[in-house]
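Contents: one structure, followed by commentary.
Side chains included, hydrogens not; waters and symmetry mates left out as well; all remaining heavy atoms used. Model, not experiment: these values are computed from the prediction. When a ligand or atom number is given, it counts from 1 through the structure's own listing order.
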Amino acid sequence: MSSRAPAGRVAEVFYSIQGEGATAGMPAVFVRLQGCSVGCAWCDTKYSWDPEAGRAVDLDALVDEAAAFPCRRAVVTGGEPLESSLFVPLLRSLGERGFAIEVETSGILPPPRVGRAVQWNVSVKLAGSGVAESRRIQPASIRGFLAQDAWWKFVVTDDADVAEVLKLAERFALPRARILLQPEAVRREDLLERSPGVVEACKRHGFGFSPRLHVLLWGARRGV
Ligand code: SF4
């Protein structure tokens, strides 16, 4: 281990299936980087907010830990992973180890150059997140992700949220075929209750539906 190896903090590393988005159901190693300054009211990973919490890792050990699982798809998430100093070196190292890479981000920071193909899953926050618009909507970042052919995953609870998605889609010319609506729910019963209405909104507007398979299967449990 080099003393110059990039280091940072990680909330957890685990092997599961992608629960959300365009690749829902695919086996994947999750690397949850520590730290998020966005502060969504309904966040289900508040333990990942404090950048000083979690555990210290260096890059080589972290990539070894991910590569020990029998899977070469990685989901780099957070927290807000783009706020972590480990983010770019981690993506490069995972790529060198043969991982296909997805990133879950709030879109508050523009996509950095990582020099390899990445599936960007951008979940721009709506007013219901409780985050100020000037914080959660970053036009330059959104345009940067548009240029990267990102997926746009919106967490919705009601028609007002869907109307907000339509306005954002129009303002930034987001391609409908790349927009997914996902019910806001951290409990299985809420997910089941809200999903049919969200499916109807998807059918109405030509959006895709994003499940929350991990909530459906395991409820609010962590690390699954
Ligand atoms: S951006 Fe993600 S990790 Fe950060 S508060 Fe919002 S939902 Fe939670």
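For CD of E170, the number of neighbouring non-hydrogen atoms (other residues, nucleotides, ligands) closer than 6.0 Å is 12 at most.
No hydrogens or angles considered: nothing links the side chains of S48 and K46 as a donor-acceptor pair under 3.5 Å. Of the N and O atoms on the side chains of S84 and Q34, not one donor lies less than 3.5 Å from an acceptor on the other residue.
Not counting sequence neighbours, R9 has no partner by the salt bridge (Lys or Arg N to Asp or Glu O under 4.0 Å) test.
Residue-ligand proximity: K125 is placed with a non-hydrogen atom under 4.0 Å from ligand 1.
Judged as a ring-ring contact (aromatic ring centres under 6.0 Å, His included), the pairs with a partner in residues 66-86 (not counting sequence neighbours) are, in order, Y15-F69.
Any protein N/O/S atom under 2.8 Å from atom 4 (Fe) of ligand 1 was counted, giving 1 altogether.
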Cut-off 3.5 Å, no hydrogens considered: what does the side-chain donor-acceptor table look like for residues 203-211, sequence neighbours left out?
from : atom 1 : to   : atom 2 : distance (Å)
K203 : NZ     : E200 : OE2    : 3.1
S210 : OG     : G21  : N      : 2.8
S210 : OG     : Q182 : OE1    : 2.8

